[in-house]
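Reminder, nothing fancy here: chain letters follow the sequence lines and each chain counts from 1.
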Protein chains: 2
Amino acid sequence: MTEERRKKRIGVFDSGIGGLTVVGALLEQLPRENIVYFGDTARVPYGTKSVEVVSRYAREDAALLLSYDVKMIVVACNTVSSVAINVLRKHVDVPIIGMIEPGARAALTVSKKKRIGVIGTMATISSNAYPKALLSNNPDVNVYSQACPLFVPLAEEGWGEHRVAEIIAREYLQELVKEKIDTLILGCTHYPILKKTIQRAVGEDVVLIDSGRSAAALVERYLKQHDLLNQQNGQTEHLFLVSDVPQKFEELGRRFLGRSLGEVKKVEL
Amino acid sequence: MTEERRKKRIGVFDSGIGGLTVVGALLEQLPRENIVYFGDTARVPYGTKSVEVVSRYAREDAALLLSYDVKMIVVACNTVSSVAINVLRKHVDVPIIGMIEPGARAALTVSKKKRIGVIGTMATISSNAYPKALLSNNPDVNVYSQACPLFVPLAEEGWGEHRVAEIIAREYLQELVKEKIDTLILGCTHYPILKKTIQRAVGEDVVLIDSGRSAAALVERYLKQHDLLNQQNGQTEHLFLVSDVPQKFEELGRRFLGRSLGEVKKVEL
């Protein structure tokens, strides 16, 4: 029985392609696990849309993953993690891990001056999810937030290190630099693609926190604690699902995942 | 009977907010007409998505407008006009006017050297809809196309005249400038928002064609020919529908429409 549960897939979803950076972190951390990923490429992006619409989409995305009999769901989308994770937890009876709490904890661990910056989509920043998580863990921390709406289209366009990205990053991040942050949470799964550009804009001394990596570590801890780690040594099987035709997803996927994707299947929601 | 038909609304739809530039042109050209506009803000953008998904969305958008008993439908979205207008015409029994043919004809009228540039979303440019329309009207014309995926997020971010927009525009448009175009079709309803920036990038001698304005002129001609112009002198009534909460739509709407919107209503598709 437990053996059967251990072998089940981990479900991961995102509004589109950005969540593949989280899959990359999971594959590194947990090479024996089987993963089913869903990217809602027919309705991407979520970060500019309302709480109501994002919540509805998130429930549909989770329902799709549940139909693959997953042992847990990783919400590899900071927007959904920010505005809809409580709704999801009410409607879904497998454990759900989001991006906010792991990212916030990692930032508090490395920040010496307790001056932490957070960047993300409009929806994530408006929700104040990161400041709330940071302050509930440490009421003395100083948090500075900035929405960076153009970072997602820049990453999707493959312009993450273009000089235009440099100018935009400097403009978005100048207030955070003025506040002398020592740690910056990349509160959107697309942003690791712009990591070098962001690092240059804030300076080499600021530590960048990739919430996806922190979440992958938490997934491992959770599976260990609940004796749900896949023990099998055989071939793993990863399945990638999208709601729009997979062509662009396959093209960009390699850049986001850091390796080739294998099978990508279109599904109807 | 005819009087009743004349009083019916013109239906206009777009993936989001961009189509308001077309509504602006219609209001100027046809101040007595009643308009119902639908912006699919819960699924915007269309221009990065596949023909299949865009066609499905377009049929749902048209069905919504038909439920308001419209006398015609204006497809104020170049992506839908490029890839899905024939599918729409098969399924809808009111006249449909898209952006491509009017924009192409206007460009051919003003271009002296018959060297015409076309810019639009990835979907619009990949479809070759504008080159086909231009060449079927004049086989001797030279057409140069360029997708400009970052223009839509720049317009939505309100950065249409930011120096970043200048740099991006110069980079996107440099090949068209090298080809010595004398006319440039703005093949996306968002692009009139970046008109000044685009004009500077291609030079003052290049004539910019706003397909929305050309389409509005065609709508007037069509209504006249078919005796469908609204003859009433009373108050007109415009209704704006969106699929996501209207707040951002209202905020940005003024910029796109050039005047205040009045009532904006959220609908479920």
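- Looking at heavy atoms from C-beta onward, A:Leu154 lies in side-chain contact with B:Leu150 at the 4.5 angstrom threshold.
- Contacts between B:Val152 and chain A at a heavy-atom distance below 4.5 Å are absent for every atom of the residue.
- Contact check for A:Ile167 versus B:Ile167: side-chain heavy atoms found under the 4.5 Å cut-off.
- The side chain to side chain contact (heavy atoms under 4.5 Å, CB included) search around A:Ala133 returns A:Ile100, A:Glu101, A:Ala104, not counting sequence neighbours.
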Below 3.5 angstrom, are there any donor-acceptor pairs between chain B and chain A, and if so, which atoms and how far apart?
residue: B:Ala42; atom: O; partner: A:Lys49; partner atom: NZ; Å: 3.4
residue: B:Ala42; atom: O; partner: A:Tyr57; partner atom: OH; Å: 2.6
residue: B:Val44; atom: O; partner: A:Lys49; partner atom: NZ; Å: 2.8
residue: B:Lys49; atom: NZ; partner: A:Ala42; partner atom: O; Å: 3.4
residue: B:Lys49; atom: NZ; partner: A:Val44; partner atom: O; Å: 2.8
residue: B:Ser50; atom: N; partner: A:Asp244; partner atom: OD2; Å: 2.8
residue: B:Ser50; atom: OG; partner: A:Asp244; partner atom: OD1; Å: 2.4
residue: B:Glu52; atom: OE2; partner: A:Lys266; partner atom: NZ; Å: 3.0
residue: B:Tyr57; atom: OH; partner: A:Ala42; partner atom: O; Å: 2.6
residue: B:Glu157; atom: OE2; partner: A:Tyr172; partner atom: OH; Å: 2.7
residue: B:His162; atom: NE2; partner: A:Glu171; partner atom: OE1; Å: 3.0
residue: B:His162; atom: NE2; partner: A:Glu171; partner atom: OE2; Å: 2.9
residue: B:Glu171; atom: OE1; partner: A:His162; partner atom: NE2; Å: 2.9
residue: B:Glu171; atom: OE2; partner: A:His162; partner atom: NE2; Å: 2.9
residue: B:Tyr172; atom: OH; partner: A:Glu157; partner atom: OE2; Å: 2.7
residue: B:Asp244; atom: OD1; partner: A:Ser50; partner atom: OG; Å: 2.4
residue: B:Asp244; atom: OD2; partner: A:Ser50; partner atom: N; Å: 2.8
residue: B:Lys266; atom: NZ; partner: A:Glu52; partner atom: OE2; Å: 3.0

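- At a 4.5 Å heavy-atom cutoff, A:Val54 makes no contact with chain B through either its backbone or its side chain.
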